[in-house]
Trainee: 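Would you mind keeping the following structure in view while I ask a few things?
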Amino acid sequence: MNDTPRPLAVGMVGHVFMGAAHSQAWRNAPRFFELPLTPAMAVVCGRDAGRAAAAAARLGWSASETDWRRLVERDDVDLVDICTPGDTHAEIAIAALDARKHVLCEKPLANTVAEAEAMAEAAARAAAAGVRAMVGFTYRRVPAIALARRLVEDGRIGEVRHVRAQYLQDWIADPEAPLSWRLEKDKAGSGALGDIGAHIIDLTQFITQDRITEVSGQLTTFVKERPLATEHSGLSGTAAAGAGERGPVTVDDAAVFLAKFTGGAVGVFEATRFATGRKNAIRIEINGDKGSLAFDFEDMNVLQVYDAGEADETAGFKRILVTGPDHPYVAAWWPPGHGLGYEHAFTHQVVDLVTAIAEGTDPRPTFADGLQVQRVLAAVETSSDTRSWQEIPA
Ligand code: SOE
């Protein structure tokens with residue numbers, strides 16, 4: 001008779017898009033994977049009591065709360081899952097770590113390098129006491145991305161020369177799309193750069209296992225003001241709109257930048273919310289001297305692989321369907337060919353976090369990994385402001 005794994009009680013702060021995605025993961029991970037600890041969805045926190053209670057009922061949390069500080073202090077919470085805008089990541093994560101609670105924090109880690117440094121220091125202190133922290137770069141946990149990393153690691157494409165990464169969305173291409181917290185610097189820290197650019201910075205470093213050492217970038221804000229949302233939607237300090245009121249966009253709409261990698265590769269990055277027609281297109285191509293890899297999240301169960309050693313008559317990109325049981329995570333789900341979706345990466349994130357906590361190891365990506373991404377983000381902003389190349393400190 002197996003002992004039932006002891007519970008890991010979770011308290012989640014924030015319950016909108018990321019809160020729903022994380023809730024799905026906490027619900028499903030123990031139902032599809034043999035976990036060494038059993039997540040218990042203890043409490044969800046939101047500023048509005050009614051909305052938090054409704055979220056608890058809808059998403060499967062046992063209780064709801066309106067003060068994250070009370071959630072962090074609860075003895076029946078072992079792990080704090082932070083699904084809020086970036087301006088609250090540091091204070092919640094540091095309070096939780098200092099209270100010896102494990103932490104999962106959404107990306108980007110923070111809104112500034114200083115905040116990210118303080119978070120990484122708190123995580124290092126807490127790790128000494130066996131408390132673990134992870135930052136939520138979930139796309140690493142798409143099986144095709146794991147395959148790409150392994151093929152590079154095994155030398156299948158040789159020396160990496162080019163890294164080409166795009167993250168393309170279009171949800172605010174309409175200039176009349178209302179202002180939201182992702183368009184306000186005091187809430188989000190930056191715009192497309194931090195929200196979606198952070199993902200392709202993490203992903204390309206994860207796949208190549210190289211680090212970005214220098215960047216030269218340009219941030220652009222196409223639409224400088226927008227209509228205020230007609231109902232108060234948590235806009236920072238923005239009063240509920242009267243008819244026709246407009247507010248300033250204080251972040252970038254698009255970020256483009258060049259990069260140099262430790263292994264000598266050159267990178268071209270594009271993160272934009274104005275790629276009309278592209279809803280959530282993450283496109284990565286890595287060119288080596290023996291081959292190439294290409295990934296497109298709109299076809300997320302596939303990795304395209306080119307082997308330069310192939311005879312000319314049959315040379316070409318091979319379309320690998322990454323749905324077989326030998327790939328990470330896949331065996332827990334469906335037979336080959338049935339495919340996984342956006343939400344599965346969040347479930348895989350829970351599996352890896354819970355496993356690391358039980359094993360007493362630091363889950364990746366760590367807060368230190370998140371800090372390094374934050375330094376790249378800041379370097380791109382400085383580069384754009386000063387029209388100069390910027391180095392990223394090791
Ligand atoms: C932006 O709209 C966003 O929600 C990001 O914040 C998420 O990290 C990404 O997974 C989907 O798009």
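Each ligand, and each atom within it, is numbered from 1 in the order the structure gives. When reading the values below, keep in mind they use all heavy atoms of this one structure, side chains included, and skip hydrogens, waters and symmetry mates.
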Trainee: Is the positively charged end of Arg283 above the ring of Phe295, judged by distance under 6.0 angstrom from the centroid and angle within 45° of the axis?
Mentor: no
Trainee: Which ligand 1 atoms, with their elements, are less than 4.0 angstrom from a heavy-atom of Asn280?
Mentor: 11 (C), 12 (O)
Trainee: Quickly, which of Arg211, Arg364, Arg140 forms a salt bridge (Lys or Arg N to Asp or Glu O under 4.0 Å) with Asp202? Name it, please.
Mentor: Arg140
Trainee: Any salt bridge linking Glu298 with Arg278? Criterion: basic side-chain nitrogen under 4.0 Å from a carboxylate oxygen.
Mentor: yes
Trainee: Indicate, with yes or no, if the rings of His22 and Phe346 have centres closer together than 6.0 Å.
Mentor: yes
Trainee: Please write down residue, atom name and distance for the protein heavy atom closest to atom 2 (O) of ligand 1.
Mentor: Gln169 OE1, 3.5 Å
Trainee: Distance to 0.1 Å, residue and atom name: give those for the protein heavy atom nearest to atom 6 (O) of ligand 1.
Mentor: Asp195 OD1, 2.4 Å
Trainee: Would a line drawn from the ring center of Trp333 to the ring center of Phe33 be shorter than 6.0 Å?
Mentor: yes
Trainee: Using non-hydrogen atoms of the residue, decide whether Tyr167 is closer than 4.0 angstrom to ligand 1.
Mentor: yes
Trainee: Taking Arg47 first and then Glu65, would you say they form a salt bridge - that is, a charged N and a carboxylate O separated by under 4.0 Å?
Mentor: no
Trainee: Which of the numbered atoms in ligand 1 are under 4.0 angstrom from any heavy atom belonging to Phe17?
Mentor: 4 (O)
Trainee: For Tyr342, counting its heavy atoms only, list the atoms of ligand 1 lying under 4.0 Å from any of them.
Mentor: 9 (C), 10 (O), 11 (C)
Trainee: Counting from 1, what ligand 1 atoms have a heavy atom of His199 closer than 4.0 Å?
Mentor: 7 (C), 8 (O), 9 (C), 10 (O)
Trainee: Salt-bridged, Arg156 to Asp307, with N to O below 4.0 Å?
Mentor: no
Trainee: With heavy atoms of Tyr139 as the reference, note each atom of ligand 1 found under 4.0 Å away.
Mentor: 9 (C), 10 (O), 11 (C)
Trainee: Heavy-atom contacts under 4.0 Å between Arg182 and ligand 1: side chain, backbone, both, or neither?
Mentor: side chain
Trainee: Looking at ligand 1, does Glu106 have a heavy atom less than 4.0 Å from it?
Mentor: no
